[in-house]
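Single-structure report; data block below.
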There are 2 protein chains.
Amino acid sequence: MFEKYLKQLKEKNLKVTPQRLEILKYLDEHRTHPTVDEIYQNLKKNNPSLSKTTVYNSVETLDQYNIIQSITITGNEIRYDFNREMHHHFLCKTCGEIIDIDVTCPMQDNMLNCKHQIDEVHWYFKGICKNCLEKER
Amino acid sequence: MFEKYLKQLKEKNLKVTPQRLEILKYLDEHRTHPTVDEIYQNLKKNNPSLSKTTVYNSVETLDQYNIIQSITITGNEIRYDFNREMHHHFLCKTCGEIIDIDVTCPMQDNMLNCKHQIDEVHWYFKGICKNCLEKER
DNA sequence: TTCTTTATTTGTAATCTTTACAATTTAACA
DNA sequence: TGTTAAATTGTAAAGATTACAAATAAAGAA
Ligand SMILES: [Mn+2]
Ligand SMILES: [Mn+2]
Ligand SMILES: [Zn+2]
Ligand SMILES: [Zn+2]
C-alpha cells in the first residue's frame with residue numbers, strides 16, 4: 001500500500017516516517033494541488049497527533065528532493081503536486097480550481113539555452129475554466 | 001513629470017491621486033519587481049503620511065485595470081511590474097533577483113485554443129543567474 | 001469658487017501563511 | 001537492545017495581506 005512511496009524516500013536516502021508516507025499518499029490520491037492546510041486538516045482526521053509543522057517540514061523536504069513539486073500560482077499560498085514531471089497549470093479565477101495543462105513548446109530547448117542556469121520551468125495560465133464558462137450562460 | 005501616469009489613470013476613469021501617481025512612478029523607475037513593502041518603505045521617505053494599506057489598495061486597483069501586472073513567482077509575496085506587456089520572469093535562487101525573460105513560443109496561439117478562457121499567461125523560470133554562476137567559479 | 005457626492009486614504013486590528021525553536025520522540029543501524 | 005542523528009511536535013513569533021470605520025480629498029455641478 002505504501003511501498004511506492006517508501007521506495008521514493010529510500011532512493012533519496014530520506015528517513016521513512018508514517019507522516020511522510022501519509023502525506024505522499026494524500027498528494028498521490030488528491031491531484032488538486034492542495035495547500036499545507038488542506039493536507040493537514042484531512043490527515044488530522046485519522047492522525048490526530050499530526051502537527052502542521054510536520055506537514056510544512058515534510059513538503060519542503062519532499063520538494064527539495066524532487067519527489068513532489070510546489071506551485072505558486074495564486075501568490076497567497078504554496079500548493080503541492082505529486083506529479084513532478086514537467087506540466088503546467090491553469091487557475092480558474094471563478095471557482096479557484098487549478099487544472100493541469102499539458103502543452104510543450106518546440107522552442108523549449110532554445111529558451112533553456114540562455115546564459116542563466118535554468119532548473120525549473122513553470123507556466124501559469126489564468127482565466128475562466130470551461131465548466132464555469134458553461135454555467136455563466 | 002507625472003503626465004504619463006495621469007493619462008493612464010484617466011483612460012481607465014480612475015481618480016488621480018498623488019499616492020497612485022507616486023506608486024506608478026516608483027514602479028516605472030524600478031523595474032526590479034518590488035513587493036508592496038519595498039514600494040512602501042521607499043515612498044514613505046518623501047511621503048511620511050503614506051499608509052501601507054494605500055499601497056496594497058493601489059497596486060490591487062492598478063492590477064485589476066491592467067495598468068500594471070502582478071508576479072507570484074516566489075510564492076511568499078506578490079511582486080509588481082510596471083510593464084504589463086506579455087513577457088516572462090526568471091528567479092535566481094541564489095541572489096533572489098527577478099529578471100525579465102523575453103521569449104515567445106510559436107505554439108502560443110495553439111495553446112490559447114483550449115476550452116478554457118485564458119486571460120493571463122505567466123512563465124516562471126527558476127535557477128541560478130549568470131552573475132551568480134560567474135561568482136561561484 | 002464653493003458645495004456635494006463618492007471614492008480614496010489612513011491607522012488599527014484581525015487573519016492567514018509560514019518560520020523559528022526547543023523539547024520529545026523515533027528511525028536507522030550497530 | 002542501545003546509540004545517535006534526524007524527524008516530529010507544540011508553541012510562539014514573524015511576515016504578508018485583508019477588514020473596517022473614520023477622516024480626507026478628488027471630481028463634477030452649481
Ligand atoms: Mn499539476
Ligand atoms: Mn518583468
Ligand atoms: Zn472554474
Ligand atoms: Zn543571482
Side-chain angles (χ1 to χ4, degrees), chain A residues 2-3 5-24 26 33-44 46-65 67-68 70-80 96 98, chain B residues 2-3 5-24 26 33-44 46-65 67-68 70-80 96 98:
Chain A
F2 287 108
E3 291 78 12
Y5 316 122
L6 202 141
K7 199 179 145 222
Q8 293 191 82
L9 292 170
K10 288 205 167 164
E11 272 172 6
K12 301 287 167 72
N13 287 313
L14 289 171
K15 286 199 174 166
V16 175
T17 68
Q19 292 85 349
R20 286 174 174 175
L21 292 173
E22 289 288 352
I23 290 166
L24 276 173
Y26 186 86
H33 315 97
T35 61
V36 160
D37 195 58
E38 284 168 54
I39 302 169
Y40 170 67
Q41 296 300 339
N42 283 287
L43 291 184
K44 204 176 51 166
N46 292 318
N47 312 270
S49 70
L50 179 67
S51 166
K52 195 184 271 191
T53 303
T54 298
V55 182
Y56 273 104
N57 290 337
S58 298
V59 292
E60 197 197 346
T61 303
L62 295 171
D63 185 23
Q64 277 173 351
Y65 283 83
I67 296 173
I68 64 175
S70 60
I71 309 291
T72 64
I73 191 166
T74 63
N76 288 326
E77 80 256 304
I78 305 175
R79 292 173 170 273
Y80 293 91
I98 296 171
Chain B
F2 287 108
E3 292 78 13
Y5 317 122
L6 203 140
K7 199 179 145 221
Q8 293 191 81
L9 292 171
K10 289 205 166 163
E11 273 172 5
K12 301 287 166 72
N13 289 313
L14 289 171
K15 286 198 174 166
V16 176
T17 68
Q19 292 85 349
R20 285 174 175 174
L21 292 173
E22 289 288 351
I23 289 166
L24 276 173
Y26 185 86
H33 315 96
T35 60
V36 160
D37 196 60
E38 284 168 53
I39 301 169
Y40 170 68
Q41 296 299 341
N42 282 288
L43 291 184
K44 204 176 52 164
N46 292 318
N47 312 270
S49 70
L50 179 67
S51 166
K52 195 184 273 192
T53 304
T54 298
V55 182
Y56 274 105
N57 290 337
S58 299
V59 292
E60 197 196 346
T61 303
L62 296 171
D63 185 23
Q64 277 172 353
Y65 283 83
I67 296 173
I68 64 175
S70 60
I71 308 291
T72 64
I73 191 166
T74 63
N76 289 327
E77 80 256 303
I78 305 176
R79 292 172 169 271
Y80 293 91
I98 296 170

Rounded to whole Å, CD of A:Glu77 lies from P of D:dG15 at a distance of 20 Å
Side-chain atoms of B:Pro18 come closest, of D:dT9, D:dA26, C:dT9, to D:dA26
Exercise for review: Would you tell me if any nitrogen or oxygen in the side chain of B:Gln19 comes within less than 4.0 Å of OP1 or OP2 on D:dA25?
Suggested key: no
Between CG of A:Leu9 and C1' of C:dT26 the distance, given in whole Å, is 15 Å
* Does A:Ser58 make a side-chain N or O approach to OP1 or OP2 of D:dA7 shorter than 4.0 Å? -> no
With B:His33 as partner, the option from B:Thr74, B:Ile98, B:Ile78 fulfilling side chain to side chain contact (heavy atoms under 4.5 Å, CB included) is B:Ile98
With the side chain defined as heavy atoms from C-beta on, A:Ser49 is closest, among D:dT8, C:dT19, D:dT9, to D:dT9
Picking from D:dA7, C:dT10, C:dT18, the nucleotide nearest the side-chain atoms of B:Asn76 would be C:dT18
Between CD1 of A:Ile78 and C1' of D:dG15 the distance, given in whole Å, is 13 Å
note: B:Tyr40, atom OH; D:dT17, atom P; distance rounded to Å ~ 15 Å
Of the listed C:dT9, D:dT8, C:dT18, the closest approach to the A:Thr54 side chain comes from D:dT8
- [ ] Would you tell me if any nitrogen or oxygen in the side chain of B:Thr17 comes within less than 4.0 Å of OP1 or OP2 on C:dT9?
- [x] yes
Next on the checklist: Looking at A:Asn42 and A:Glu38, would you say the former's side chain and the latter's main chain have a donor-acceptor pair under 3.5 Å?
Outcome noted: yes
Side-chain contact check for A:Thr53: nearest option of D:dC20, C:dA20, D:dT17 is C:dA20
When you compare the side chain of A:Leu21 with that of A:Leu9, does any pair of heavy atoms fall below 4.5 Å? yes
Separation of C:dT9 atom P from B:Lys44 atom NZ, nearest Å, is 18 Å
Winner on side-chain proximity to B:Lys15, out of D:dA26, C:dA28, C:dT19, is D:dA26
Passes side-chain contact (heavy atoms from CB on, under 4.5 Å), A:Gln64 versus A:Glu60? Steps please. CA-CA 6 Å; A:Gln64 277 173 351; A:Glu60 197 197 346; 3.5 Å; yes
note: B:Asn57, atom CG; C:dT6, atom C1'; distance rounded to Å ~ 16 Å
field: N/O donor-acceptor pair under 3.5 Å between A:Arg20 side chain and A:Lys15 backbone
entry: yes
Atom CG of B:Leu14 and atom C1' of D:dA27 are separated, to the nearest Å, by 13 Å
Separation of C:dA13 atom C1' from B:Lys52 atom NZ, nearest Å, is 14 Å
